**Q** 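Please find one structure pasted underneath; my questions will follow.
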Amino acid sequence: MATTGTYAFNPSAADVVLNAFALVGKRRTDINAEMLENAGYQAQMVGIDFTNRNPNRWQMETFSIPMLDGIPTYNLQPQVVAVSIVYLDQIDSQGTVLTSTPLGPLSATDYASIGNKLTENKPSTYFFSLLTPTPTLTFWAVPNANSTWIARVQAFKQQQDVRLDGGYTLDSPYRFLDAYTWGVASRLAVLYPDEKRPTLAADLN
């Protein structure tokens, strides 16, 4: 059996959208500028839907937060949608990690139940909040000046924007291309229904 030996399939976002149109019975010659604009918007919505269903594993990133004496709350990047792990590194004057300790997560109820939220000590827990436009991490106990602490945060971020011009690809791995294409097609089927195929689901059976 002869195989290609390559793993280079990575279509542009425009190709994904054009193939989604084909799935709903629209030839490329049928597509106009308004339809492309609508399709680009729906492609963005598919990325949001994927993120809301479950944080995307390929969007994981670990970053560091230098902790300040008496400061409990720290802003995260606006693109963060979930936090997986937080651990605390104790650093000496040379920047060497002395200890590394995992921190436990607190729910909103857990954090609200803490009597003195300004107690200073070595942090042991954190509360992740998406209630404000900027996601935050709040630590308890509040970091003190007895040591130098750096919080290492493993977080999930949202997908990058979709653009149909310039040959840009989707911010998704190979294994998600099929689901992404059908996700766009299912939305286009609502905008541009085909009387011969009243539901996209019929095509999947």
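The structure presented is a predicted model; accordingly, all values stated were derived computationally and were not measured. Heavy-atom basis, side chains included; hydrogens, waters and symmetry copies ignored.
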**Q** Is Gln160 atom CD crowded by more than 12 heavy atoms from other residues, nucleotides or ligands, each under 6.0 Å away?
**A**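 Result for CD/Gln160: open.
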**Q** Would a distance-only check, ignoring hydrogens and angles, find a side-chain to backbone donor-acceptor pair under 3.5 Å from Tyr180 to Leu170?
**A**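 Here the side-chain-to-backbone pair does not exist.
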**Q** How long is the gap from CZ on Arg152 to CZ on Phe63, to the nearest 0.5 Å?
**A**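 Going from the CZ atom of Arg152 to the CZ atom of Phe63 covers 12.0 Å.
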**Q** Taking all non-hydrogen atoms of both residues into account, name the closest pair between Asp194 and Gly25 and its distance.
**A**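 Taking Asp194 first and Gly25 second, the nearest heavy atoms are OD2-CA, 4.4 Å.
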**Q** Might you work through the side chain to side chain contact (heavy atoms under 4.5 Å, CB included) test for Leu88 and Met67, ending with a clear yes or no?
**A** CA-CA 10 Å; Leu88 189 67; Met67 310 197 77; 3.3 Å; yes
**Q** Cluster question for you: counting only ILVMFWY and a side-chain heavy-atom cut-off of under 4.5 Å, with indirect links fine, are Ile48 and Val16 together?
**A**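 Different clusters.
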**Q** Give me the atom names and distance for the closest heavy-atom approach of Ser186 to Gly183.
**A**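 So the minimum-distance heavy-atom pair works out to OG-O, 2.8 Å.
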**Q** Using the benzene-type ring in the case of Trp, are the ring centres of Tyr126 and Trp140 under 6.0 Å apart?
**A**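 Centroid distance Tyr126-Trp140: not below 6.0 Å, so no.
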**Q** Rounded to the nearest 0.5 Å, what separates atom OH in Tyr74 from atom OG1 in Thr138?
**A**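 These two atoms lie 9.5 Å from each other.
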**Q** Starting from Leu130, can I reach Val80 by hopping between I/L/V/M/F/W/Y residues whose side chains sit under 4.5 Å apart?
**A**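 Result: yes, single cluster for both.
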**Q** Over all heavy atoms of both residues, which pair between Leu103 and Pro123 is shortest? Give the atoms and the distance, please.
**A**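 For Leu103 versus Pro123, the nearest heavy atoms are CD2-O, 3.4 Å.
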**Q** Going by the side chain to side chain contact (heavy atoms under 4.5 Å, CB included) test, name the single residue among Val153, Asn75, Thr73 that passes it with Leu137.
**A**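 So the option named by the test is Val153.
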**Q** Is it the case that the side chain of Gln44 and the backbone of Val162 share a donor-acceptor pair, with hydrogens and angles ignored and the cut-off at 3.5 Å?
**A**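 Yes.
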**Q** Tell me whether Val81 is reachable from Val83 by hopping between hydrophobic residues (I, L, V, M, F, W, Y) whose side-chain heavy atoms are closer than 4.5 Å.
**A**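 No; tracing contacts between hydrophobic side chains, which count when under 4.5 Å, never links both residues.
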**Q** Less than 4.5 Å apart, any side-chain heavy atom of Pro72 and any of Lys117?
**A**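 In short, these two side chains do not touch, never coming nearer than 4.5 Å.
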**Q** Quick one: does Asn116's side chain have a donor or acceptor within less than 3.5 Å of a partner on Leu118's backbone?
**A**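 Side chain of Asn116 to backbone of Leu118: a pair is present.
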**Q** Using a 6.0 Å cut-off, check whether atom CD of Glu37 has over 12 heavy atoms from anything other than its own residue.
**A**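 It does not: Glu37 CD has 12 such atoms or fewer within range.
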**Q** Establish whether Phe128 and Leu106 are linked, either directly or via other cluster members, by ILVMFWY side-chain heavy-atom contacts under 4.5 Å.
**A**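 No, no single cluster joins them.
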**Q** For a quick check under 3.5 Å, do Asn56 and Gln158 share a side-chain donor-acceptor pair by atom type?
**A**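 No donor-acceptor contact under 3.5 Å links the two side chains.
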**Q** Any side-chain donor paired with an acceptor under 3.5 Å for Thr101 and Lys122?
**A**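 Yes, side-chain donor-acceptor contact under 3.5 Å.
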**Q** Classify the side-chain pair Asp161/Tyr168 by whether it contains a donor and acceptor separated by less than 3.5 Å.
**A**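 Not at all, the side chains of Asp161 and Tyr168 share no donor-acceptor pair under 3.5 Å.
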**Q** Ignoring hydrogens, what is the shortest heavy-atom contact between Phe21 and Met35? Give both atom names and the distance.
**A**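 Heavy atoms only, the tightest pair is CZ-O, 3.5 Å.
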**Q** In Å and rounded to the nearest 0.5 Å, what is the CZ to CH2 distance from Arg187 to Trp182?
**A**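 Going from CZ on Arg187 over to CH2 on Trp182, the span is 15.5 Å.
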**Q** For the pair Asp92 (side chain) and Gly95 (backbone), establish whether a donor and an acceptor sit closer than 3.5 Å, ignoring hydrogens and angles.
**A**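 At least one qualifying donor-acceptor pair exists.
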**Q** What closest approach, in Å, do Val24 and Ala185 show between heavy atoms, and which atom pair accounts for it?
**A**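 Between these two residues, the closest heavy atoms are CG1-O, 3.3 Å.
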**Q** In sequence, state the C-alpha distance, the side-chain angles, and the governing distance for Asp89 and Thr99, and then conclude on side chain to side chain contact (heavy atoms under 4.5 Å, CB included).
**A** CA-CA 6 Å; Asp89 282 350; Thr99 61; over 6 Å; no
**Q** Show me the pairs that pass ring-ring contact (aromatic ring centres under 6.0 Å, His included) and involve residues 77-109, at least two apart or across chains.
**A**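 Matches after skipping sequence neighbours: none remain.
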**Q** Report yes or no: does Trp149 contribute a side-chain atom to a donor-acceptor pair with the main-chain N or O of Ile65 at less than 3.5 Å?
**A**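 Side chain of Trp149 to backbone of Ile65, a donor-acceptor pair under 3.5 Å: no, none is there.
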**Q** Same cluster or not: Val46 versus Phe176, using hydrophobic residues (I, L, V, M, F, W, Y) connected whenever any side-chain heavy atoms lie under 4.5 Å apart?
**A**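 Linked within one cluster.
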**Q** So does Asp15 get a backbone contact from the side chain of Asn19, meaning a donor-acceptor N/O pair under 3.5 Å?
**A**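 Flag set: sc Asn19 to bb Asp15 pair under 3.5 Å.
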**Q** Any chance you could lay out the side chain to side chain donor-acceptor pair (under 3.5 Å) test for Asn146 and Glu120, step after step, and finish with the verdict?
**A** CA-CA 10 Å; Asn146 293 344; Glu120 293 192 19; over 6 Å; no
**Q** To the nearest 0.5 Å, what is the distance between CG (Leu76) and NZ (Lys157)?
**A**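 Answer for the CG-NZ pair, Leu76 versus Lys157, is 11.0 Å.
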**Q** Which heavy atom of Ala151 sits nearest to which heavy atom of Phe139, and what is that distance?
**A**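 Closest approach of Ala151 to Phe139: CB-CZ, 3.8 Å.
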**Q** Looking at CZ of Arg163 and OG1 of Thr169, how far apart are the two atoms once the value is rounded to the nearest 0.5 Å?
**A**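 Rounded to the nearest 0.5 Å, the CZ-OG1 separation comes out at 12.0 Å.
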**Q** Under a plain distance cut-off of 3.5 Å, with no hydrogens placed, do Thr148 and Gln90 share a side-chain donor-acceptor pair?
**A**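 Per modelled atom types, Gln90 and Thr148 side chains form no pair under 3.5 Å.
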**Q** Nearest 0.5 Å, please: how far is CG in Leu18 from OG in Ser12?
**A**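 Ser12 atom OG to Leu18 atom CG measures 7.5 Å (nearest 0.5 Å).
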**Q** Could you work out, with ring pair (Phe, Tyr, Trp, His ring centres under 6.0 Å) as the rule, every residue matching Phe156, not counting sequence neighbours?
**A**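 Not a single residue meets the ring pair (Phe, Tyr, Trp, His ring centres under 6.0 Å) criterion with Phe156.
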**Q** How about Tyr7 and Tyr174: are their ring centres within less than 6.0 Å of each other?
**A**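 Ring centres of Tyr174 and Tyr7 not closer than 6.0 Å.
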**Q** Is any side-chain heavy atom of Trp58 closer than 4.5 Å to one of Arg175?
**A**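 In contact.
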**Q** Whether the Thr181 and Asp178 side chains hold a donor-acceptor pair (N or O, under 3.5 Å, no angle test) is what I'd like checked.
**A**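 No, because no side-chain N or O of Thr181 sits under 3.5 Å from a partner of the opposite role on Asp178.
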**Q** Spell out, as yes or no, whether a donor-acceptor pair under 3.5 Å connects the side chain of Thr4 to the backbone of Thr6.
**A**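 Looks like yes, one N/O pair under 3.5 Å.
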